[in-house]
Novice: 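Sharing a structure below in structure tokens format, with a few things to ask.
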Amino acid sequence: MNLPELPEVETVRQGLIQGLQGKTIRDVLIRREGLRFPFPDDLPTVAGTTVVDIRRRAKYLLIDLDDGRVLLSHLGMSGRYTLFSSEEADAVAVPLLQTVNGGVPVSAFGNQTGYGGKHDHLEFVFTDGTRAVYTDPRRFGVIDLFPRLEEPVHALLERLGPEPFEHWTAKDLARALHQRKSAIKITLLNQHIVVGVGNIYACEALHRSGISPTCESRTLVRKNGSPTARLERLVQEIKSVLNEAISSGGSTLNDFASVDGTLGYFAHQFTVYGREDEPCLKDGCGGVIERMTQSNRSTFLCPRCQS
Ligand SMILES: [Zn+2]
């Protein structure tokens with residue numbers, strides 16, 4: 001399974017907001033000391049707070065609590081949330097916390113969250129009986145809790161580049177690419193330049209714009225610093241490919257009750273990603289998709305229509 005990229009995280013945000021906005025946390029069940037980092041010591045103090053809003057910055061979910069704090073959640077490589085209504089939680093016949101052979105407590109949701117409940121590390125219980133279960137088998141996820149005033153200087157957030165949406169233009173990208181010799185695909189994955197494009201969507205956007213992933217970044221900028229037509233096209237395609245993935249994710253969410261199983265993982269149709277040796281899908285191209293490695297990550301491209 002691919003790691004969650006920006007569209008998946010945005011879909012998770014939309015699902016969580018439908019399910020949790022305005023609800024008050026009654027309790028947090030913490031089943032291990034942490035994930036990628038230890039959980040904050042004061043995590044249990046979210047009990048009694050209400051979820052006011054859920055925002056997203058890059059791939060970080062920012063859950064605004066009514067006491068002025070932010071609960072940050074990053075899904076890492078395999079994190080996900082599953083929501084259960086009070087009826088669904090009550091229907092779990094066995095107690096909601098159990099231990100296996102006296103060892104690590106597992107969640108009684110078992111295969112409803114996957115992995116027999118062994119990787120349900122956190123569970124938020126709301127006063128109306130709703131539960132949000134965080135499952136993360138690889139444990140690269142991050143949970144943090146801090147006052148909202150500290151958000152602009154938070155170590156994980158302060159150096160992030162712009163979001164690839166409305167206010168981000170080819171001019172902005174041209175400024176960042178001006179002197180840069182690195183391959184354009186590597187540049188697009190640099191979170192100081194633009195956040196959340198990710199490996200899959202970088203491949204897709206480059207294919208759509210007919211730009212080779214190995215193209216030297218600065219060649220997409222004119223001598224006077226303005227973007228070339230190719231760069232304008234690339235920025236447009238980055239926005240479209242992400243927006244299309246977000247809408248297809250959003251269309252899988254209907255209402256809270258029908259969010260069954262897992263938020264944020266949905267079937268994608270990729271044009272180039274993962275299609276090695278298959279025909280290029282561009283009209284009249286006739287090329288064959290190839291795979292190469294850039295900075296230890298797979299790049300997929302059509303050598304015929306990308307230059
Ligand atoms: Zn092609």
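Just so you know, ligand 1 is whichever comes first in the structure, and atom 1 is the first atom listed for that ligand.
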Novice: Go through the side-chain N and O atoms of T82 and T113 and say whether any donor and acceptor fall under 3.5 Å apart.
Specialist: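 No - no donor-acceptor pair under 3.5 Å links their side chains.
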Novice: Without hydrogens or angle criteria, can the side chains of T50 and T24 be said to hold a donor-acceptor pair below 3.5 Å?
Specialist: yes
Novice: By ring-ring contact (aromatic ring centres under 6.0 Å, His included), which residues pair with F126, not counting sequence neighbours?
Specialist: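 If we apply the ring-ring contact (aromatic ring centres under 6.0 Å, His included) test to F126, skipping adjacent residues, there are no hits.
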Novice: Return the orientation label for the H121 and Y134 ring planes: parallel under 30°, perpendicular over 60°, tilted otherwise.
Specialist: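 Rings of H121 and Y134: tilted, 30 to 60°.
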Novice: Is Y273 linked to L301 within one hydrophobic cluster, defined over Ile, Leu, Val, Met, Phe, Trp and Tyr using a side-chain heavy-atom separation of less than 4.5 Å?
Specialist: no
Novice: Quick one: give me the number of protein N/O/S atoms under 2.8 Å from the Zn ion (ligand 1).
Specialist: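 My tally for this metal is 4.
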Novice: Following the transitive rule for hydrophobic clusters with a side-chain heavy-atom cut-off under 4.5 Å over Ile, Leu, Val, Met, Phe, Trp and Tyr, establish whether L206 and I193 coincide in one cluster.
Specialist: yes
